[in-house]
Undergrad: 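Mind looking over this structure? Questions follow.
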Amino acid sequence: MADKATLTIDGQSYEFPIITGTEQERAIDIKTLRGATGGVTTIDPGYKNTGSCQSAITFLDGEEGILRYRGYAIEALAEKASFLEVAYLLIFGELPTQVQLDKFDKDIKAESHVDEDMKKILDGFPKSAHPMGVLSALTSALIAFNPSSVNVDSEEDMYRTIVKLLAKFPVLAAWAMRKKKSQPLDYGDNSLGYVENLHKMMFAKPNEEYKVDKAVIDALDKLLILHADHEQNCSTSTVRMVGSSHAGLFASISSGICALWGPLHGGANQAVIEMLESIKEDGGDTKKYMAKAKDKEDPFRLMGFGHRVYKNFDPRAKIIKVAADDVLNQLGIEDPVLDIAKGLEKEALEDSYFVDRKLYPNVDFYSGIIYRALDIPVEMFTVMFALGRLPGWIAQWKEMRENKEPIGRPRQVYTGENFREFKEVSKR
Ligand code: ACO
């Protein structure tokens with residue numbers, strides 16, 4: 001196969017190297033394009049064809065429905081690993097030994113205290129505030145309470161900062177929820193595992209012994225693993241972009257949370273359950289909503305359907321669909337919304353509009369049904385996604401800094417006015 005690409009502009013040819021990844025993905029390296037051509041650039045809105053970096057963290061093949069973290073299949077990780085093991089794998093590149101995992105867990109626990117003054121910031125928010133906004137603001141506020149900047153050339157410094165964030169983030173997420181529910185804030189219990197502690201911080205009642213079904217923790221663990229990384233998606237690219245200016249880890253993650261919030265990205269999980277609920281309220285007529293989704297005059301989209309990269313199936317959606325059935329069975333819950341979701345999926349998979357455009361259920365289509373079964377409020381769904389995505393964001397930020405990537409600064413093609421003389425206000 002050719003290892004060079006030739007581009008001809010105005011009769012002049014230019015050659016660019018083709019680089020090949022470890023999974024044989026090929027990319028034309030256009031680093032020298034502007035210099036060689038005297039200023040010609042490329043345009044690719046939404047970066048549909050543009051690689052922003054070389055990364056060794058996550059591989060996904062949208063045509064084959066493959067997703068691997070550091071080479072390990074998502075199916076195996078979701079079935080056999082714990083979220084903390086996956087976090088370690090993503091961030092440090094290898095599955096931890098038991099000794100490494102115990103140390104990681106212990107180090108996280110040692111940092112799980114959040115400065116009491118952070119509560120004053122939380123108090124400033126109205127109860128109506130969306131927890132994603134609160135989480136982003138609190139993550140940013142962490143900088144003020146941990147002001148020393150990270151020396152990215154020091155492994156120890158990097159480790160300490162990463163562990164701090166992994167420790168404090170679940171506390172902030174749980175607080176964002178408890179504030180909304182007017183419940184006292186909780187610091188959890190360091191004798192519990194990471195995911196169980198998160199659950200306790202979210203749900204423990206001040207006047208009752210905390211008890212939880214193992215099925216709940218297992219389901220939560222699995223969901224967090226399935227969300228843990230997804231290469232250069234919108235929020236991850238945001239984290240890398242913000243970090244590329246050498247803004248610190250907490251600031252970069254705070255920006256990533258905002259990017260994730262949008263309904264075209266992580267916010268879709270909230271939008272899906274709201275959509276399914278309104279279909280139910282409206283008599284459960286899925287055909288009517290299918291027609292709306294296909295109508296170009298109607299802004300309605302089938303939320304939880306379609307993906308920029310997956311054009312066959314989303315392997316995470318497959319696992320989550322089975323998990324949703326399992327969790328509801330284990331907890332003895334019947335949710336009519338699950339039947340509506342399954343009905344919609346069946347219709348869409350047989351409809352030429354969706355088939356032709358390769359639109360399949362994505363990770364968000366069934367996740368909300370599990371969150372609901374676990375009593376997680378709808379507005380917290382995207383926060384749960386952020387909790388899962390945190391290790392991925394950290395791993396990508398770390399890789400970007402370690403690879404000494406340049407500041408992210410795309411080009412544009414200007415389409416505005418040509419030069420105009422300024423006229424004073426009295427002459428306009
Ligand atoms: N419902 C109806 N039509 C859709 C949908 C949908 N959910 N998704 C895409 N389409 C149609 C578009 O209208 C377009 O049709 P056209 O070719 O006739 O104009 C075609 O499919 C391609 O869609 P694009 O928007 O160009 O695809 P893109 O890759 O830019 O967008 C996205 C992907 C944003 C995920 C889109 O499919 C969507 O909006 N889905 C619903 C929101 C959602 O579920 N987001 C979560 C994604 S997963 C995640 O971020 C964790």
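First listed ligand is number 1; within each ligand, the first listed atom is number 1. None of the values given here were measured: they were computed from a predicted structure. Numbers here are sequence positions counted from 1.
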Undergrad: Taking distance alone, with N or O pairs closer than 3.5 Å, would you say L264 contacts ligand 1?
TA: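 Yes, since at least one N or O of L264 sits under 3.5 Å from an N or O of ligand 1.
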Undergrad: Hey, is K48 one of the residues with a heavy atom under 4.0 angstrom from ligand 1?
TA: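 Yes, that is the case, since the closest heavy atom of the residue is under 4.0 Å from the ligand.
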Undergrad: Where on F365 is there a heavy atom closer than 4.0 Å to ligand 1, on the side chain, on the backbone, on both, or on neither?
TA: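 Under 4.0 Å from ligand 1, F365 contributes no heavy atoms.
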Undergrad: Under a 4.0 Å heavy-atom limit, does V272 contact ligand 1 with its side chain, its backbone, both, or neither?
TA: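 Within the 4.0 Å criterion, V272 makes no contact with ligand 1.
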Undergrad: Before signing off on this row, confirm whether F305 and ligand 1 have an N or O atom pair separated by under 3.5 Å.
TA: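 Yes, F305 has an N/O under 3.5 Å of an N/O on ligand 1.
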Undergrad: Which of the atoms in ligand 1, numbered in the order shown and given with their element, are less than 4.0 Å from a heavy-atom of V363?
TA: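 So the atoms of ligand 1 that pass are 51 (C).
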Undergrad: Could you tell me if the ring centre of F125 sits under 6.0 Å from that of W175?
TA: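 No: the rings miss the under 6.0 Å criterion.
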Undergrad: Using distance alone, determine whether Y353 and ligand 1 share an N or O pair under 3.5 Å.
TA: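 Such a contact does occur with ligand 1.
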Undergrad: Partners of Y159 by side-chain hydrogen bond (donor to acceptor under 3.5 Å, both in side chains), sequence neighbours excluded?
TA: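 side-chain hydrogen bond (donor to acceptor under 3.5 Å, both in side chains) list for Y159, sorted by chain: D107.
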Undergrad: Checking side chain to side chain donor-acceptor pair (under 3.5 Å) between Q396 and each of R240, R389, R401, which is the one that passes?
TA: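 Only one of R240, R389, R401 forms a side chain to side chain donor-acceptor pair (under 3.5 Å) with Q396, namely R240.
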Undergrad: Which of parallel (below 30°), tilted (30 to 60°) and perpendicular (above 60°) describes Y194 and F83?
TA: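 The rings of Y194 and F83 sit tilted, inter-plane angle from 30° to 60°.
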Undergrad: Would you call the rings of F385 and H265 parallel, tilted or perpendicular if under 30° counts as parallel and over 60° as perpendicular?
TA: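 The rings of F385 and H265 stand perpendicular, inter-plane angle above 60°.
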Undergrad: Can you confirm whether K109 is buried at NZ, in the sense that more than 12 heavy atoms of other residues, nucleotides or ligands lie under 6.0 Å from that atom?
TA: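 Atom NZ in K109 is crowded, with more than 12 foreign heavy atoms closer than 6.0 Å.
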Undergrad: For atom 24 (P) of ligand 1, which candidate among K358, K311, R301, R357 provides the closest heavy atom?
TA: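 Among K358, K311, R301, R357, the closest heavy atom to atom 24 (P) of ligand 1 belongs to R301.
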Undergrad: Any atoms of ligand 1 less than 4.0 Å from a non-hydrogen atom of A268? List them with their elements.
TA: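 Those of ligand 1 that fall under 4.0 Å from A268 are 43 (C), 44 (O), 45 (N), 46 (C).
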Undergrad: Under the ring-ring contact (aromatic ring centres under 6.0 Å, His included) test against F305, which residue among Y366, F354, Y360 passes?
TA: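 It is F354, the one option of Y366, F354, Y360 that forms the ring-ring contact (aromatic ring centres under 6.0 Å, His included) with F305.
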Undergrad: Only heavy atoms of A293, strictly under 4.0 Å: list the atoms of ligand 1 that pass.
TA: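 Matching atoms, with element in brackets: 2 (C).
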Undergrad: Mind checking whether R316 has an N or O less than 3.5 Å away from an N or O of ligand 1?
TA: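 N/O-N/O distance under 3.5 Å: no.
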Undergrad: What about L302: any of its N or O atoms under 3.5 Å from an N or O on ligand 1?
TA: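 Yes, since at least one N or O of L302 sits under 3.5 Å from an N or O of ligand 1.
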Undergrad: Any idea which part of L359 is under 4.0 Å from ligand 1, heavy-atom wise: side chain, backbone, both or neither?
TA: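 Answer for L359: side chain.
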Undergrad: Could any protein non-hydrogen atom be found less than 4.0 Å from atom 31 (O) of ligand 1?
TA: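 Given the 4.0 Å cut-off, atom 31 (O) of ligand 1 does not count as touching protein heavy atoms.
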Undergrad: Output side-chain donor-acceptor pairs under 3.5 Å for residues 370-377, partner residues at least two apart or in another chain, one line each.
TA:
from, atom 1, to, atom 2, distance (Å)
R372, NE, D335, OD2, 3.2
R372, NH1, E277, OE2, 2.7
R372, NH2, E277, OE2, 3.3
R372, NH2, D335, OD1, 2.8
R372, NH2, D335, OD2, 3.0

Undergrad: Go through ligand 1 atom by atom and flag the ones less than 4.0 Å from a non-hydrogen atom of G304.
TA: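 Going through ligand 1 atom by atom, the ones under 4.0 Å from G304 are 43 (C), 44 (O).
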Undergrad: Please check whether K296 reaches ligand 1 - meaning an N/O of the residue sits under 3.5 Å from an N/O of the ligand, judged on distance alone.
TA: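 Such a contact does occur with ligand 1.
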Undergrad: Establish whether atom 12 (C) of ligand 1 and some protein heavy atom are separated by less than 4.0 angstrom.
TA: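 Yes.
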Undergrad: On a heavy-atom basis, I'd like to know which of R308, H230, H265 is closest to atom 50 (O) of ligand 1.
TA: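 When every heavy atom of R308, H230, H265 is considered, H265 comes closest to atom 50 (O) of ligand 1.
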Undergrad: Would you mind reporting whether K321 and F365 have side-chain heavy atoms less than 4.5 Å apart?
TA: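 Result no, sub-4.5 Å side-chain heavy-atom pair not found.
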Undergrad: Any atom of ligand 1 sitting under 4.0 Å from a heavy atom of H227?
TA: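 In this structure, H227 fails to qualify as a contact of ligand 1 - no heavy atom is under 4.0 Å.
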Undergrad: Regarding S255 and T238, is there a side-chain donor-to-acceptor distance under 3.5 Å anywhere?
TA: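 T238 and S255 do not have a side-chain donor-acceptor pair below 3.5 Å.
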Undergrad: Using 30° and 60° as the class limits, which term best fits the ring planes of W261 and H130: parallel, tilted or perpendicular?
TA: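 Rings of W261 and H130: tilted, as their planes differ by 30° to 60°.
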Undergrad: May I ask you to check if ligand 1 and F354 share an N or O to N or O distance below 3.5 Å?
TA: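 No - when backbone and side-chain N and O of F354 are compared with those of ligand 1, no distance drops under 3.5 Å.
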Undergrad: Should the pair K318 and F313 be classed as cation-pi, given the thresholds of under 6.0 Å to the six-membered ring centre and 45° from the axis?
TA: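 Yes, a cation-pi geometry holds between K318 and F313.
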